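A quick note: this is a predicted structure, and the numbers were derived from the prediction, not measured. Below, read A as the first sequence line, B as the second, and so on, with proteins coming before strands; counting in each chain starts at 1.
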Number of protein chains: 2
Amino acid sequence: MSVPAPARRGGQPDKRRAIAQAARLVFGREGYARAGVDVIAAEAGVSKRTIYNHYADKEQLFLSVALEGADAVTDAVRVLMERHLRKIVDLEEDLTAFCLDRAQAVTEFPEHFALVRSIHAEVTRLPATVLEKWRAHGPPSAHQRLAPYLQRIADRGLLVLDDAERAANRLNTLTMNDVLIRSFYGALPLPEPTVRDIVTDGVRDFLRLYAPPKAPPQSREPS
Amino acid sequence: MSVPAPARRGGQPDKRRAIAQAARLVFGREGYARAGVDVIAAEAGVSKRTIYNHYADKEQLFLSVALEGADAVTDAVRVLMERHLRKIVDLEEDLTAFCLDRAQAVTEFPEHFALVRSIHAEVTRLPATVLEKWRAHGPPSAHQRLAPYLQRIADRGLLVLDDAERAANRLNTLTMNDVLIRSFYGALPLPEPTVRDIVTDGVRDFLRLYAPPKAPPQSREPS
DNA sequence: GTCTATATATGGATAGAC
DNA sequence: GTCTATCCATATATAGAC
């Protein structure tokens with residue numbers, strides 16, 4: 001499943017992107033099995049044969065698009081981390097804002113999460129090598145990138161961490177997972193207030209688990 | 001989607017169950033779209049026409065089987081609650097045992113969770129009325145049944161609950177959800193030690209959130 | 001590389017006898 | 001109600017001209 005290099009020689013590389021985008025749309029809307037290569041070709045404005053010139057078959061096209069989409073989401077989350085977790089002013093507020101934005105990313109990439117649902121449905125039929133790549137592009141990598149941010153926060157004394165990666169996973173569990181499951185992985189987006197409640201509660205409990213024993217708000221009047 | 005009453009007049013009601021079982025197997029193995037009514041008929045040992053005599057179409061067959069399967073899982077979980085949570089001897093141990101058994105139910109009903117994955121993939125194409133029924137038969141009902149058990153435990157002073165149903169959801173979030181997501185809803189079962197780690201950690205954190213402030217182990221020597 | 005046209009297969013649903 | 005045989009639509013993939 002290594003992403004094949006776009007054909008350069010004389011061909012229009014735009015077409016390949018047009019195909020990928022159309023495939024993402026149609027696969028997301030119809031699911032893998034129902035999606036017709038015909039429809040994808042029409043949506044992309046190319047011939048069916050052109051698709052088969054760029055991709056070996058329907059399955060390769062699907063997997064290629066799925067992995068690209070996962071990377072796009074991953075990049076978006078990376079941006080959110082930098083925005084909310086680089087400089088902490090109020091830990092609870094910043095974590096909440098981060099998780100809220102992260103949760104809303106689910107509804108901002110609807111085509112991709114439709115692909116995620118299709119992959120879940122097909123997962124028992126996918127080759128092991130493909131699944132490994134899928135795992136590598138997915139949530140686990142997100143945890144690995146979140147952990148250093150939490151570690152930096154802990155180094156400033158705002159959290160007490162035994163294991164930064166485990167804590168990253170906990171934050172995810174307490175906020176994202178509920179949103180994912182209850183929204184059917186974004187298929188039926190939850191009302192914004194509901195998401196806010198879930199995330200707020202999750203962050204609060206996360207801090208109850210990981211906040212320092214008694215946060216002395218740097219009282220300016222020592223005994 | 002009301003489950004239609006089996007035809008009695010002269011027909012063999014066994015056939016219907018054979019069809020349902022075969023459908024559960026084939027839908028679980030192939031997914032909704034790939035599953036052929038032909039194959040289901042062969043697996044059930046009946047003719048294709050017989051299936052269409054019992055069920056309006058493929059979709060009705062699928063949904064009927066899915067809801068029945070959800071009820072079966074629900075009943076199994078109900079049994080586990082009675083076994084582990086009716087009489088508490090050691091709260092942490094009992095909760096852990098319950099959640100472990102509950103998590104392993106995912107791998108004990110592989111066909112059903114394969115159906116769950118298919119439903120996720122199809123969820124945007126399902127009628128709203130069907131989705132409501134699906135939700136009603138699924139996890140939310142499990143929370144509602146778990147809550148009273150937690151409430152009884154709290155009444156004995158072993159937990160401090162603000163809202164029993166919220167706590168039930170928390171226990172679920174901290175144990176089941178990770179298992180579900182990381183195993184791709186049971187498609188790639190996690191190693192038993194991994195499940196044990198997840199559940200053990202989850203219950204420990206649950207108790208850190210909901211245990212009474214300082215559990216006095218009824219010390220026999222007051223000041 | 002791209003297009004039109006087509007081969008080939010499959011699957012949902014039905015007709016009609018028993 | 002159940003079976004055998006079949007219709008018809010659809011979909012993947014390919015052939016061959018430009």
Inset, instruction - Determine the contact category for A:A35: base if any of its heavy atoms lies under 4.0 Å from a base atom, sugar-phosphate if only primed atoms, P, OP1 or OP2 are that close, otherwise nothing. - result: sugar-phosphate

Legend entry - Nearest-angstrom distance from the residue atom CZ of A:F27 to P of D:dA11: 13 Å

Inset, instruction - Specify the separation, in whole Å, of atom CG of B:D14 and atom P of D:dG1. - result: 14 Å

Legend entry - Lys/Arg cation over aromatic B:F27: B:K58, 6.0 Å, 45° cone: no

Legend entry - Candidate pair B:E43 and B:Q21, rule side chain to side chain contact (heavy atoms under 4.5 Å, CB included), full reasoning: CA-CA 9 Å; B:E43 178 73 32; B:Q21 188 166 352; over 6 Å; no

Inset, instruction - Identify the two heavy atoms, one from B:N169 and one from B:H143, that lie closest to each other, and give their separation to 0.1 Å. - result: OD1-CE1, 3.0 Å

Inset, instruction - Provide, to the nearest angstrom, the distance between the CD1 atom belonging to B:I19 and the P atom belonging to D:dT2. - result: 7 Å

Inset, instruction - Sugar-phosphate atoms are those with a prime plus P, OP1 and OP2; base atoms are the rest. Using that split, label each nucleotide of nucleotides 13-18 of chain C B, S or - for protein heavy atoms under 4.0 Å, 5' to 3'. - result: BBB---

Inset, instruction - Give the C-alpha distance, both sets of side-chain angles, the deciding distance and a yes or no for salt bridge (charged side-chain N to carboxylate O under 4.0 Å, His left out) between A:R34 and B:E122. - result: CA-CA 10 Å; A:R34 305 175 109 107; B:E122 303 283 333; 2.5 Å; yes

Legend entry - Interatomic distance, B:F62 CZ vs C:dG12 C1' [rounded to whole Å]: 16 Å

Inset, instruction - For A:I40 and D:dA13, give me the distance from atom CD1 to atom C1', rounded to whole Å. - result: 14 Å

Inset, instruction - Find the distance A:L61:CG to D:dA13:P and express it as a whole number of Å. - result: 10 Å

Inset, instruction - Compute both the distance and the angle, then confirm whether B:R16 meets the cation-pi test with B:Y55: under 6.0 Å from the six-membered ring centre, within 45 degrees of the axis. - result: yes

Legend entry - Rounded distance in Å - CD (A:E30) to C1' (D:dA11): 13 Å

Inset, instruction - Would you check if the distance from the ring center of B:F113 to the ring center of B:F109 is below 6.0 Å? - result: no

Legend entry - Along DNA chain D (nearest heavy atom to each residue), the more 5'-positioned of B:N53 and A:R34: B:N53

Legend entry - Main-chain N/O of B:R196 paired to B:T200 side chain as donor or acceptor, under 3.5 Å: yes

Legend entry - OP1 or OP2 of D:dT2 under 4.0 Å from side-chain N/O of B:H54: yes

Legend entry - B:T50 vs D:dC3: side-chain N/O to OP1/OP2 distance below 4.0 Å: yes

